[in-house]
A.B. asks: 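This is the structure I have questions about; it appears just below.
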There are 2 protein chains.
Amino acid sequence: MDRKEQILEIATELIQTRGYTAFSYQDLSDRLGITKASIHHHFPSKANLGFAVAERYSTAVTASLAEVKQNTDDPWEQLDGYVGQILQLIKTRDRICAAGAVHSEYNVVPESMSDAMARLAKHIIAWLTDVLEVGRREGMMDFPGKPEHQAALVFAAAQGAMQFGRAHGAVKARQIMDQIKESLKAA
Amino acid sequence: MDRKEQILEIATELIQTRGYTAFSYQDLSDRLGITKASIHHHFPSKANLGFAVAERYSTAVTASLAEVKQNTDDPWEQLDGYVGQILQLIKTRDRICAAGAVHSEYNVVPESMSDAMARLAKHIIAWLTDVLEVGRREGMMDFPGKPEHQAALVFAAAQGAMQFGRAHGAVKARQIMDQIKESLKAA
DNA sequence: TGCACTCTACCAACTAGTAGGCAGGCTGTC
DNA sequence: GACAGCCTGCCTACTAGTTGGTAGAGTGCA
């Protein structure tokens with residue numbers, strides 16, 4: 001892993017654990033053992049770094065969701081794939097989804113970053129929409145109204161669950177995700 | 001309204017629109033037309049102010065939820081009362097629930113503040129639990145599993161919806177809240 | 001030798017905060 | 001009624017620390 005990737009990896013973690021506003025180049029410097037000026041060499045501004053983090057994260061999440069669909073056609077397993085990733089973040093690493101973190105700080109992060117994360121959110125919801133659509137069509141899932149609305153609900157619940165899990169424990173986040181899965185089971 | 005209340009009111013708004021980390025005493029000073037030192041007279045530290053905001057907000061939300069239950073025994077109207085408050089925040093004032101904002105910044109806000117907001121979250125969930133329990137018992141609502149789990153889901157979805165609505169428009173937040181209400185309708 | 005990467009040294013701006021002083025209003029005493 | 005003292009709330013002036021950032025120099029490697 002080269003230096004640029006290292007910076008992006010640590011910055012992603014800091015955004016997921018502290019948020020964009022609360023992390024600094026000094027934090028990165030402390031973690032990597034190089035000076036702030038060296039980091040500026042790779043990412044000349046914080047906004048530039050934030051955008052790079054958003055793009056990289058989006059690419060990674062998009063790829064991992066695509067992999068879930070490659071591994072199984074079963075909508076329940078696909079949904080479990082998504083939920084598993086969510087719970088993994090909160091349980092083992094006290095992180096929340098970077099898209100949710102940025103949505104929360106939407107008014108204060110650079111626009112390039114918030115736009116990139118808004119696009120990722122749309123992509124995730126489209127992915128979930130497809131899962132739910134197939135699930136209902138095959139009689140394996142049940143929910144009222146449009147699939148894209150239910151997908152947005154699943155996404156919003158996931159973001160809320162991660163944040164709630166921070167304060168109240170990962171078990172609570174799991175309960176919330178289990179609850180929405182239960183509510184999707186066909187009668 | 002005396003000066004202390006004015007400070008708390010503006011600080012609440014700033015936390016709801018920008019988050020705790022991203023607002024400063026200078027912002028308050030600019031808004032109120034008094035110096036930072038004057039604000040320090042009332043609230044000697046930012047942590048102290050943050051805690052006072054959390055306490056005041058909790059009291060207000062608790063009171064407004066109690067009022068909803070005073071105004072109607074109907075669980076659907078009660079749920080609408082809660083959802084209405086959520087949507088009012090995002091639609092007219094680009095605010096999110098301060099509890100959700102603090103959950104998102106959980107790792108970086110003062111502990112006194114995060115504890116206070118965690119207690120508020122528990123209170124809201126208990127309130128929702130009661131609504132859902134009564135709703136199901138009376139055959140007016142339907143959902144799987146325990147009422148407290150469904151209440152936690154409603155709460156998480158609401159937090160997620162507000163944040164999502166920031167990026168994608170208040171209409172999207174409304175769609176999410178409508179979707180979860182639809183899913184609670186008895187078959 | 002040139003380039004990528006790192007460093008030192010520095011900057012302006014901003015942050016949360018401190019200390020002492022001023023002004024106005026209220027209360028008590030003479 | 002006048003005056004002094006106290007209190008609340010505000011001010012000026014200042015602090016140490018941190019932030020994101022700049023400019024130029026040094027180092028190692030292909």
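Chain identifiers are assigned alphabetically (A, B, ...) following the order of the sequence lines, protein sequences preceding nucleic acid strands; residue numbering begins at 1 within each chain.
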A.B. asks: Would the base of C/dG17 count as contacting B/Lys46 through its side chain, where contact means a donor and an acceptor less than 3.5 Å apart?
C.D. replies: no

A.B. asks: Could you give the CD1-to-C1' distance, from A/Ile39 to C/dC7, as a whole number of Å?
C.D. replies: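 About 13 Å, once rounded to whole Å.
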
A.B. asks: Measure from NZ or CZ of B/Lys4 to the centre of the six-membered ring of B/Phe43, then state whether that distance is under 6.0 Å and the direction lies within 45° of the axis.
C.D. replies: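 So B/Lys4 does make the cation-pi contact.
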
A.B. asks: Counting side-chain heavy atoms from C-beta on, which of D/dG21, D/dC10, C/dT6 comes nearest to B/His42?
C.D. replies: D/dC10

A.B. asks: What is the distance, to the nearest angstrom, from the CZ atom on A/Arg3 to the P atom on C/dA4?
C.D. replies: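 Result: 16 Å.
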
A.B. asks: Can B/Ser38 and B/Thr35 be counted as having a side-chain donor-acceptor contact under 3.5 angstrom?
C.D. replies: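 Judged by distance alone, the side chains do pair up.
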
A.B. asks: Quick one: which of D/dC10, C/dG17, D/dG20 gets closest to the side chain of B/Ser38?
C.D. replies: D/dC10

A.B. asks: Would you kindly give the CD-to-C1' distance between A/Gln26 and D/dA16, to the nearest whole Å?
C.D. replies: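 Rounded to whole Å, this separation is 16 Å.
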
A.B. asks: Evaluate salt bridge (Lys or Arg N to Asp or Glu O under 4.0 Å) for B/Arg18 paired with B/Glu13, printing each intermediate quantity in order.
C.D. replies: CA-CA 8 Å; B/Arg18 302 190 192 166; B/Glu13 179 197 324; over 6 Å; no

A.B. asks: For B/His40 and D/dT15, what is the distance between atoms NE2 and P respectively, to the nearest whole Å?
C.D. replies: 16 Å

A.B. asks: Please determine, for the side chain of A/Tyr25, which listed nucleotide (D/dG21, C/dG17, C/dT6) has the closest atom?
C.D. replies: D/dG21

A.B. asks: Of the nucleotides C/dA4, C/dA16, C/dT18, which one has an atom closest to the side chain of A/His41?
C.D. replies: C/dA4

A.B. asks: Rounded off to whole Å, could you give me the CG-to-P distance for the B/Leu49 and C/dT15 pair?
C.D. replies: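 That distance rounds to 14 Å.
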
A.B. asks: Starting at atom CD1 of B/Ile34, determine the distance to atom P of D/dT8, rounded to an integer number of angstrom.
C.D. replies: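 Roughly 17 Å, once rounded to whole Å.
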
A.B. asks: B/Lys36 has an atom NZ; how far is it from atom P of D/dG9, in whole Å?
C.D. replies: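 It is 21 Å, rounded to the nearest whole Å.
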
A.B. asks: Does NZ or CZ of A/Lys46 lie under 6.0 Å from the centre of the six-membered ring of A/Phe51, at an angle within 45° of the ring axis?
C.D. replies: no

A.B. asks: Considering every strand and a 4.0 Å limit on heavy-atom distances, what is the contact class for A/Thr35: base, sugar-phosphate, or nothing?
C.D. replies: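 Base, at least one base atom sits under 4.0 Å.
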
A.B. asks: Closest to the A/Ala37 side chain: C/dA9, C/dT15, C/dT18?
C.D. replies: C/dA9

A.B. asks: Among the clusters formed by ILVMFWY side chains lying less than 4.5 Å apart, do B/Leu89 and B/Tyr82 turn up in the same one?
C.D. replies: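 Both belong to a single hydrophobic cluster.
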
A.B. asks: Whole angstroms only, please: what is the CZ-P distance between A/Arg18 and D/dT18?
C.D. replies: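 That distance rounds to 13 Å.
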
A.B. asks: What does B/Phe43 touch in the nucleic acid at a heavy-atom separation under 4.0 angstrom: a base, only the sugar-phosphate, or nothing?
C.D. replies: nothing

A.B. asks: Side-chain N or O of A/Ser45 less than 4.0 angstrom from OP1 or OP2 on D/dG20?
C.D. replies: no

